[in-house]
Amino acid sequence: MLIEVTGLVIREVSLGESDKILTVLTSEMGKITVYANGVRKYKNPNMNAAQLMSYSEMIVYKRGEKYWLRESVVIENFYDIRLDLERFALAQYILDVTGDVCVEEENEEVMLKLTLNTLYMLVTNKKPIEQVKSVFELRTMANIGFLPNLINCETCGEYESEFMFFDIVNAVLFCKDCNNEDDNTYKKSLPIDVIKAMRHIIYGEPKQIFSFKLDTELLYILAETCEIYLLNHIERGFKTLSFYKGIRGEDGYI
């Protein structure tokens, strides 16, 4: 039986002399593995759709427990990201995180849209790269069930003060008066403008989550916080993140 799917290639593995095993993220079917015969040959009609970051309409068929690629039409390949090593490295990390948090046989429309919008922001270069990365990380965590409470202080309800403390582990805020300095839980002191940006990311409409401005220093604080939050709750590292940070000359935030 032929099945029509629209999906984004988030992982590719070479197989034999000319084949690939693709991990494709779709809305309705979630993450699926697709075997693509001969796509490493120059004249293969499915060659472009079998590239990392290609978003395509595909016709696949199931043989046994495996999906096989039959036909494809590329909608967007985000090719220009490959022209900038830093952005390409970040895109690979984004796809790695997407592959880690998404599952098979479940609706992944929300994560597919977020990943596509993030790649679009990278290819258009409309926002600083740190901002794009931060938005993806924090919104991803909200999407998969790690929604932090950034509305007010967990103890007294204070909404807005010059600085607030973000409890990374428990995902809550404390104002200066309510923060327990003897508590060993890891917390970050964040300026209120960073808190407002984080609120915008997790509570805003999907089409608006990249639409905010922070100066360079505050953007770096946001980037540090969002990365630490994601890594802490996913409880694993990513080689692609290390590669990205190596390109930028960063040792890491933690």
Heavy atoms only: give me the nearest A91-I81 pair and the separation to one decimal.
-> CB-CG2, 3.9 Å
Y203 and L147: which non-hydrogen atoms are nearest, and at how many Å?
-> CE2-CD1, 4.4 Å
I'd like a table of donor-acceptor pairs (distance under 3.5 Å, sequence neighbours excluded) in which one partner is a side-chain atom from residues 236-243, with atom names and distances.
residue : atom : partner : partner atom : Å
R236    : NH1  : D100    : OD1          : 2.9
T240    : OG1  : D96     : OD2          : 2.9

Considering all heavy atoms, the nearest L150-F166 contact = CD2-CE1, 3.8 Å
Do any N or O atoms from the side chain of N143 and from the backbone of M111 form a donor-acceptor pair under 3.5 angstrom?
-> no
Worked verdict on F165 versus D167 for side chain to side chain contact (heavy atoms under 4.5 Å, CB included) | CA-CA 6 Å; F165 292 83; D167 185 328; over 6 Å; no
So with a 6.0 Å cut-off around OH of Y79, is the heavy-atom count from everything else above 12?
-> no
Over all atoms of both residues, closest heavy-atom pair of V5 and M29 | CG1-SD, 3.4 Å
Report the residues that fulfil side chain to side chain contact (heavy atoms under 4.5 Å, CB included) with K196, sequence neighbours left out, ordered by chain and then residue number.
-> E160, I192, D193, R199
Would you mind listing every ring-ring contact (aromatic ring centres under 6.0 Å, His included) that reaches into residues 126-148, with sequence neighbours excluded?
-> F146-H233
If you look at every heavy atom in S134 and A223, which pair is closest and at what distance?
-> OG-CA, 3.1 Å
Only counting residues at least two apart or in another chain, list the ones meeting salt bridge (Lys or Arg N to Asp or Glu O under 4.0 Å) with E28.
-> none
What pairs of residues pass the salt bridge (Lys or Arg N to Asp or Glu O under 4.0 Å) test when at least one of them lies in residues 134-148, not counting sequence neighbours?
-> K133-E137
Start with the C-alpha distance between L138 and M198, add both sets of side-chain angles, then the distance that settles side chain to side chain contact (heavy atoms under 4.5 Å, CB included), and finish with yes or no.
-> CA-CA 8 Å; L138 190 56; M198 294 172 69; 3.8 Å; yes
Under the side chain to side chain contact (heavy atoms under 4.5 Å, CB included) criterion, do L25 and L95 qualify, and how do the steps go?
-> CA-CA 10 Å; L25 183 64; L95 297 181; over 6 Å; no
Would you check if the side chain of Y35 reaches a backbone N or O of D19 as a donor-acceptor pair within less than 3.5 Å?
-> no
Y244 vs E86, side chain to side chain contact (heavy atoms under 4.5 Å, CB included): CA-CA, chis, key distance, verdict | CA-CA 6 Å; Y244 165 74; E86 184 178 352; 3.9 Å; yes
Would you say the side-chain atoms of K31 pair up with the backbone N or O of C102, donor to acceptor, closer than 3.5 Å?
-> yes
Does T216 offer a backbone N or O that forms a donor-acceptor pair with the side chain of E130 under 3.5 Å?
-> no
Which donor-acceptor pairs under 3.5 Å do side chains of residues 47-70 form with protein atoms, sequence neighbours excluded?
residue : atom : partner : partner atom : Å
Q51     : NE2  : M47     : O            : 3.1
S54     : OG   : N48     : O            : 2.7
S54     : OG   : Q51     : O            : 3.3

Which heavy-atom pair separates T26 from L112 by the least distance, and what is that distance?
-> C-CD2, 4.0 Å
